[in-house]
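Here is the structure we will look at.
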Amino acid sequence: MKAFRTVQALQSHLSTIREDQTIGFVPTMGALHEGHLALVRQSLRRDDCTVVSIFVNPTQFNDPEDYLLYPRTVDADLALLESKGVDVVFIPTESEIYPHGRDAWKPIDLGGLDQILEGAHRPGHFQGVAQVVKRLLDIVQPHRLYLGQKDYQQIAVIRKMLHHFQLPVEIVEVPTVREPSGLAMSSRNQRLSALDRLRASRLFEALVYLEQMYRDEVPLPTAVQRAQALLDLPDFRLEYLVVCDAQTFRELQTWNDAPQKIALLACWVKDVRLIDNLPLDNPPS
Ligand code: PAF
């Protein structure tokens with residue numbers, strides 16, 4: 001495995017590779033877990049050369065404390081990636097990513113996605129994601145980009161960004177990986193105590209309960225209320241739990257409002273903010 005810290009060194013390595021190999025790219029902020037490894041495995045399977053980046057992007061943190069407390073485990077991350085057979089790791093400094101400063105980005109039209117759900121609760125977050133992923137794609141120029149479905153709205157934002165800049169990259173979406181308790185894997189889980197980590201599995205339980213009520217034809221507003229009530233626990237603070245059109249993110253009032261639906265939530269457990277989602281497939285007819 002080769003590790004690069006500068007854009008120039010990375011690009012000169014990739015330029016020869018690109019002549020006859022496909023490049024798969026997995027952008028990360030480190031603190032790697034099985035969810036990231038699922039993306040890595042897909043890339044290793046489908047592409048000739050797998051590039052993983054590790055960069056905790058300051059511009060996507062609306063909360064400075066969240067940025068400071070974000071887990072950083074670079075040595076362990078590198079050992080893990082090496083053991084999985086990753087070809088290239090890119091660990092840039094901030095000045096490599098933003099040579100003209102963080103503020104040089106002009107916000108782009110994200111079709112309103114930066115105003116709703118995660119966008120509403122984390123002002124500026126999705127512009128920061130668009131900014132860093134655009135920069136990373138310009139540097140790596142991969143054939144395929146591997147993204148996890150846990151960040152469902154983020155995938156939609158990145159699709160909008162690709163369209164905006166007409167970037168010819170194929171997105172490969174990889175299903176959410178869960179802990180045995182059902183809790184969606186996330187780097188932020190590291191900040192929870194063992195007990196709170198177990199208690200946080202209630203988030204997924206709420207989504208599964210909602211899915212069951214969908215199958216049982218419980219009216220949508222009642223189902224959402226009951227699922228929300230499941231998260232009414234000490235130290236939990238729910239920001240949203242909604243059912244949306246899986247394409248447009250429009251919040252639904254009845255189950256029949258959209259052919260493809262998804263339940264999405266964000267909830268604090270103590271001082272850690274977690275998100276999760278569950279696509280609601282049509283019940284078999
Ligand atoms: O999903 C993440 O870890 C980040 O948002 C990403 C895509 C690596 C951009 O910093």
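Counting convention: from 1, in listed order, for ligands and their atoms alike.
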> Around R5, counting heavy atoms of other residues, nucleotides and ligands shown, do more than 12 lie under 6.0 Å from its CZ?
Replying inline: no
> Are Y152 and F249 close enough that their ring centers fall under 6.0 Å?
Replying inline: yes
>> Are more than 12 heavy atoms, taken from residues, nucleotides or ligands other than K150, located less than 6.0 Å from that residue's NZ atom?
In response: yes
>> Between Q127 (side chain only) and W105 (backbone N and O only), is there a donor and an acceptor less than 3.5 Å apart?
In response: no
Between the protein and ligand 1, are there any N or O atom pairs that come within less than 3.5 Å of each other, and if so, what are their names and distances?
residue  : atom   : partner : partner atom : Å
ligand 1 : 1 (O)  : Q154    : NE2          : 2.9
ligand 1 : 5 (O)  : Q60     : NE2          : 2.9
ligand 1 : 5 (O)  : Q154    : OE1          : 2.7
ligand 1 : 10 (O) : Q60     : OE1          : 2.6

> Under 30°, 30 to 60°, or over 60°: which ring-plane class applies to H121 and Y240, parallel, tilted or perpendicular?
Replying inline: tilted
> What pairs with R72 under salt bridge (Lys or Arg N to Asp or Glu O under 4.0 Å), at least two apart in sequence or on another chain?
Replying inline: none
